[in-house]
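Some notes on the structure that comes next.
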Amino acid sequence: MALIVQKYGGTSVGTPERILNVARRVIATKDAGNQVVVVVSAMSGATDSLIKLAKEISPNPSERELDVLLSTGEQTTIALTAMAMNSLGCKAVSMTGAQAGIVTDGFHTKAKIANIEPRQIHSHLDDGNVVIVAGFQGETSEGHITTLGRGGSDLTAIAIASAIEADLCQIFTDVDGVYTCDPRIVPTARKIDEICYDEMLEMASSGSKVMQSRSVEFAKKYGVLFEVRSSFNQNPGTLVQEETKDMEHVVVRGLSVEKNQAKVTITNVPDRPGTAARIFTTLATTGVIIDMIVQNVSTAGTTDISFTLNKDELPKVEASLASVIIEIGAAALIATQGVAKLSVVGIGMRSHSGVAAKLFEALSNAGINIQMISTSEIKTAVILDESKITEAANVVHAAFGLDKS
Ligand code: ADP
Ligand code: ASP
Ligand code: MG
């Protein structure tokens with residue numbers, strides 16, 4: 001008998017028929033002689049609707065109350081899934097995050113899991129139940145409801161799999177696995193059979209939202225092997241695991257696209273110690289996440305500093321830096337919206353050269369201008385005009401031969 005964790009995302013539980021479909025799949029897994037813990041998301045669109053509702057009441061709702069509200073999305077699904085299982089003759093029990101023993105810190109809307117106490121889960125399993133746990137939520141040690149950031153049901157599944165030492169963790173979604181690029185952007189993208197944690201982490205954190213990036217970080221830290229696959233068919237999915245020797249032979253594993261970016265350039269920054277620190281310590285106090293940072297070499301004693309961020313954060317950044325620009329004696333802050341990021345990811349980049357050259361050549365052949373470039377050990381990323389991003393992803397995908405098996 002194996003202990004299996006299965007997570008079903010929003011689309012997979014998006015209608016009553018789909019919840020019944022999930023229930024049948026879970027029962028088949030149980031009937032094959034396994035113990036099953038199921039983690040479910042809110043029905044597709046439910047979390048967005050709740051956020052919209054809150055904003056209609058108040059433009060800046062309290063984050064504590066937002067968490068109380070958002071957690072109801074998943075709470076609806078656990079009850080409906082347990083009812084579906086019961087109606088099909090299978091013993092099942094629903095549990096909120098708190099009931100399942102998920103203890104988090106107090107950072108509302110983006111809480112981190114501190115600890116999982118799975119006693120109740122084990123007790124229900126031992127009584128012959130399938131246990132249905134609400135994804136995306138937990139509780140602080142003082143008893144406040146928290147949520148784990150968008151896409152957080154992935155994290156719930158992986159953390160529970162680790163806490164109960166599951167034999168298998170399966171993430172069921174609306175695609176057959178992790179693809180070489182989002183198949184909605186690149187129709188010729190192919191399913192990847194296996195990918196290592198570092199590649200999955202780079203792809204997830206640079207826009208491939210098929211997995212929440214924090215969940216991949218957790219899986220890497222605790223060595224949780226997991227599989228991403230479809231809830232609509234029986235096709236084998238993508239295995240996400242420790243790196244193996246063979247994996248380095250593939251230079252580029254996949255591409256990620258991140259839209260809704262903005263670029264900020266501060267011009268004529270005096271070239272002396274402390275100016276970059278002054279700019280970025282101010283930004284840090286706003287809590288805005290800054291992505292790429294580029295500083296040019298200084299000419300005539302001044303330099304330009306550019307960085308990127310999510311475009312929704314631009315007003316906060318402009319407001320916070322207005323006085324800093326004057327204080328440090330820089331010339332201006334130029335903000336550009338309508339840019340997007342394309343990232344090329346693969347652990348093979350550590351041992352192969354020429355990736356940047358091939359990327360830039362493919363973009364040049366398509367007449368697409370590169371606005372910024374950044375690299376890490378296993379990633380090369382460029383900022384482009386957002387209107388060109390789909391074309392760019394498709395030509396780069398083809399240039400690296402990712403559409404061929
Ligand atoms: P769920 O609700 O099951 O958590 P998500 O919407 O969070 O599902 O993730 C699945 C979606 O992720 C897919 O429909 C796909 O459009 C998108 N996606 C982005 N990048 C990739 C990728 N590299 N491979 C597969 N899907 C991707
Ligand atoms: N329902 C939450 C969201 O939409 C969590 C999840 O689906 O994983 O972000
Ligand atoms: Mg998701």
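Ligands are counted one by one from 1 in listed order, and the atoms in each one are counted from 1 as well.
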Tell me: protein heavy atom nearest [atom], and distance?
atom	answer
atom 7 (O) of ligand 1	Lys209 O, 3.5 Å
atom 16 (O) of ligand 1	Arg184 NE, 2.7 Å
atom 4 (O) of ligand 1	Lys7 NZ, 3.1 Å
atom 7 (O) of ligand 2	Ser41 OG, 3.1 Å
atom 21 (C) of ligand 1	Asp182 CA, 3.6 Å
atom 24 (N) of ligand 1	Tyr179 N, 2.8 Å
atom 11 (C) of ligand 1	Asp174 OD1, 3.9 Å
atom 27 (C) of ligand 1	Val210 CB, 3.6 Å

Looking only at atom types and distance, does a side-chain atom of [X] sit under 3.5 Å from a main-chain N or O of [Y], one as donor and one as acceptor?
X	Y	answer
His144	Thr140	no
Ser58	Lys55	no
Asp67	Thr109	yes
Asp154	Gln212	yes
Ser298	Thr303	no
Tyr197	Val224	yes
Gln137	Gly97	yes

- Message: side-chain hydrogen bond (donor to acceptor under 3.5 Å, both in side chains), that's the test. Do Thr282 and Arg278 meet it? Break it down for me.
- Response: CA-CA 6 Å; Thr282 303; Arg278 184 74 187 89; 2.9 Å; yes
So is [X] polar-close to ligand 1, meaning N/O to N/O under 3.5 Å?
X	answer
Asp154	no
Ser12	no
Thr173	yes
Val178	no

- Task: Give yes if a backbone or side-chain nitrogen or oxygen of Ser153 is under 3.5 Å from a nitrogen or oxygen of ligand 2, and no if not.
- Result: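 Yes: some nitrogen or oxygen of Ser153 is under 3.5 Å from one in ligand 2.
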- Item | Polar atom proximity, Arg150 to ligand 2 (N or O, under 3.5 Å) |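 Such a contact does occur with ligand 2.
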- Message: Less than 4.0 Å is my threshold; does some heavy atom of Met211 fall inside it relative to ligand 1?
- Response: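 No.
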- Item | contact_flag Gly177 ligand 1 heavy-atom lt 4.0 Å |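 Yes, Gly177 has heavy atoms under 4.0 Å from ligand 1.
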- Test side-chain contact (heavy atoms from CB on, under 4.5 Å) on Ser206 and Lys341 and set out the steps. CA-CA 8 Å; Ser206 60; Lys341 183 170 73 168; 4.2 Å; yes
- Query: Is ligand 2 less than 4.0 angstrom away from at least one heavy atom of Gly151?
  - Reply: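 Per 4.0 Å heavy-atom rule, Gly151 contacts ligand 2.
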- Should Gly135 be listed as contacting ligand 2, given a heavy-atom distance under 4.0 Å as the test?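 The answer is no: ligand 2 sits nowhere under 4.0 Å from a heavy atom of Gly135.
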- Task: Please work out whether any backbone atom (N, CA, C, O) or any side-chain heavy atom from C-beta onward of Ala189 is under 4.0 Å from ligand 1, and answer side chain, backbone, both or neither.
- Result: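 For Ala189, there is no contact with ligand 1 at all, from either part.
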- Task: Can you sort out the partners of Phe280 under ring pair (Phe, Tyr, Trp, His ring centres under 6.0 Å), two or more places apart, ordered by chain and number?
- Result: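 Phe307.
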- Task: Describe, in one word, how the ring planes of Tyr8 and Phe172 are oriented to each other, choosing from parallel (under 30°), tilted (30 to 60°) and perpendicular (over 60°).
- Result: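 Geometry flag for Phe172 against Tyr8: parallel rings.
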- Item | Proximal atoms of ligand 1 relative to Gly10 (non-hydrogen, under 4.0 Å) |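 Once the distances to Gly10 are compared, the set is 2 (O).
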- Message: I'd like to know if the side chain of Thr244 pairs up with that of Asp246 as donor and acceptor (distance under 3.5 Å, no hydrogens or angles considered).
- Response: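 Side chains of Thr244 and Asp246: no pair found under 3.5 Å.
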- How does Glu74 reach ligand 2, by side chain, by backbone, by both or by neither, if only non-hydrogen atoms under 4.0 Å count?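 The part of Glu74 near ligand 2 is the side chain, not the backbone.
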- Could you pull out the closest heavy-atom pair between Gln371 and Leu384, with the gap in Å?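 Heavy-atom minimum between the residues: NE2-C, 3.9 Å.
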